[in-house]
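Comments concern the structure below.
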Amino acid sequence: MNPVLLLPIGLAALAALIVPLLIHLARRSEQRPTDFAALRWLRQRPKPRHRVRFDERLLLAVRLLLLALLALLLARPALYGAQSEAPWIAVMPGVQAQALAALDRPADARMHWLTQGFPAFDPAAPAPTTSSELPVSSLLRELDATLPAQVAVTVLVPEQLQGADAQRPRLSRQVEWRVLPGAMPMRTAQAVAVPDPSIRYAADRAAALPYLRAAIASWREPGAAAASRLNGSIAPDTRALDAGSRQLLWLKPGPLPNAVSEWIAGGGTVLLDAASACLTARARVRRSCRHRCGATPTAWS
């Protein structure tokens, strides 16, 4: 936390410190000479130099201090980075608006939605439709780690929860839980793209095709026909690759043909046969060694 002045121009009031000084100089006790007959014939001595004296120094110091404090208050000092200790109320989506309006809460309490980012609660704005992709326990732990330890936290939960696990979240503070009427909205499942790979196989790898067909069929909706494939096809390795497919199962031992390598360079993804993958890795090592050492190894284990 760093102290700052929100209105530094207020320090100009420090110029008023000269006023008490002038008052004390004007009201100091004056010494008036008195003539005596017996002293009239004495030689007059030179007068000492005039020195400035302040009477009632304690009163002067108090006045100066009050003016300095007034100037500091006019400059509006503040602590930059200081966190508020006001109570925090976390509202889960799904709580009815009528229940929130009738909620008895402290005047300085801060209300926020228990969603990702913890947005401020606005009665005029619509409520979030979903709590976020993170589970409720993760959001509570994040909130607990963000707030200072002395801040009291109250969590408002609807009667029906979504995305809560069976374990009670372990937090560093005592949390007040309030159950209000409402139901948390269901999460909408995100659509996942179904893989649609092409298969190119050698004659000695044809025995693996029934298993691969079964795996591809399991990714599709029940009752979908095998002819519903969009881009992928199953064919021998001599057939050209499908233009629309970006996934390939290459079931042929030996190095990859140039056409397949160019297809990979264009953004395709290939799942290689075990023997083909081993040869490809060895070829990469040979190229790396030739590039670094200028020689090609003669034996590979």
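Each residue takes its place number in the sequence, starting with 1.
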Would you check if [X] and [Y] make a side-chain contact, meaning some heavy-atom pair closer than 4.5 Å?
| X | Y | result |
| --- | --- | --- |
| Arg178 | Val155 | no |
| Val175 | Leu140 | no |
| Leu114 | Val157 | no |
| Leu100 | Phe121 | yes |
| Leu64 | Leu60 | yes |
| Glu159 | Val179 | yes |
| Asp237 | Leu251 | no |
| Thr115 | Pro93 | yes |

Parallel, tilted or perpendicular: which fits the ring planes of Trp88 and Phe118, with parallel below 30° and perpendicular above 60°?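 Perpendicular: the ring planes of Trp88 and Phe118 meet at over 60°.
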
Value rounded to 0.5 Å, distance of [atom1] in [X] from [atom2] in [Y]:
| X | Y | atom1 | atom2 | result |
| --- | --- | --- | --- | --- |
| Leu212 | Arg205 | CG | CZ | 11.5 Å |
| Glu142 | Leu147 | CD | CG | 10.5 Å |
| Arg239 | Ile199 | CZ | CD1 | 12.0 Å |
| Thr269 | Trp263 | OG1 | CH2 | 6.5 Å |
| Leu241 | Arg246 | CG | CZ | 9.5 Å |
| Leu156 | Met92 | CG | CE | 9.0 Å |

Exam field: side chain [X] to backbone [Y], donor-acceptor pair closer than 3.5 Å:
| X | Y | answer |
| --- | --- | --- |
| Gln247 | Asp196 | yes |
| Asp108 | Ala86 | no |
| Arg110 | Ala120 | no |
| Arg213 | Ile234 | no |

Would you say [Y] ends up clustered with [X] if hydrophobic residues are merged whenever their side chains have heavy atoms under 4.5 Å apart, either directly or through other cluster members?
| X | Y | value |
| --- | --- | --- |
| Leu65 | Leu70 | no |
| Leu139 | Trp177 | yes |
| Leu103 | Val95 | yes |
| Leu143 | Val91 | no |
| Val153 | Trp113 | no |

Assess whether atom [atom1] of [X] is packed by more than 12 heavy atoms of other residues, nucleotides or ligands within 6.0 Å.
| X | atom1 | result |
| --- | --- | --- |
| Leu17 | CG | yes |
| Arg76 | CZ | no |
| Leu69 | CG | yes |

Which pair of non-hydrogen atoms, one from [X] and one from [Y], has the smallest distance, and what is that distance?
| X | Y | answer |
| --- | --- | --- |
| Ala13 | Leu74 | CB-CD1, 4.0 Å |
| Pro197 | Leu248 | CB-N, 4.4 Å |
| Trp250 | Val260 | CZ3-CG2, 3.8 Å |
| Pro87 | Pro106 | CG-CG, 4.4 Å |
| Pro253 | Asp204 | CG-OD2, 4.3 Å |
| Ala149 | Arg173 | O-NH1, 3.6 Å |

Run Arg200 and Ser233 through side chain to side chain donor-acceptor pair (under 3.5 Å) and show every step you take. CA-CA 8 Å; Arg200 295 296 181 267; Ser233 63; 3.3 Å; yes

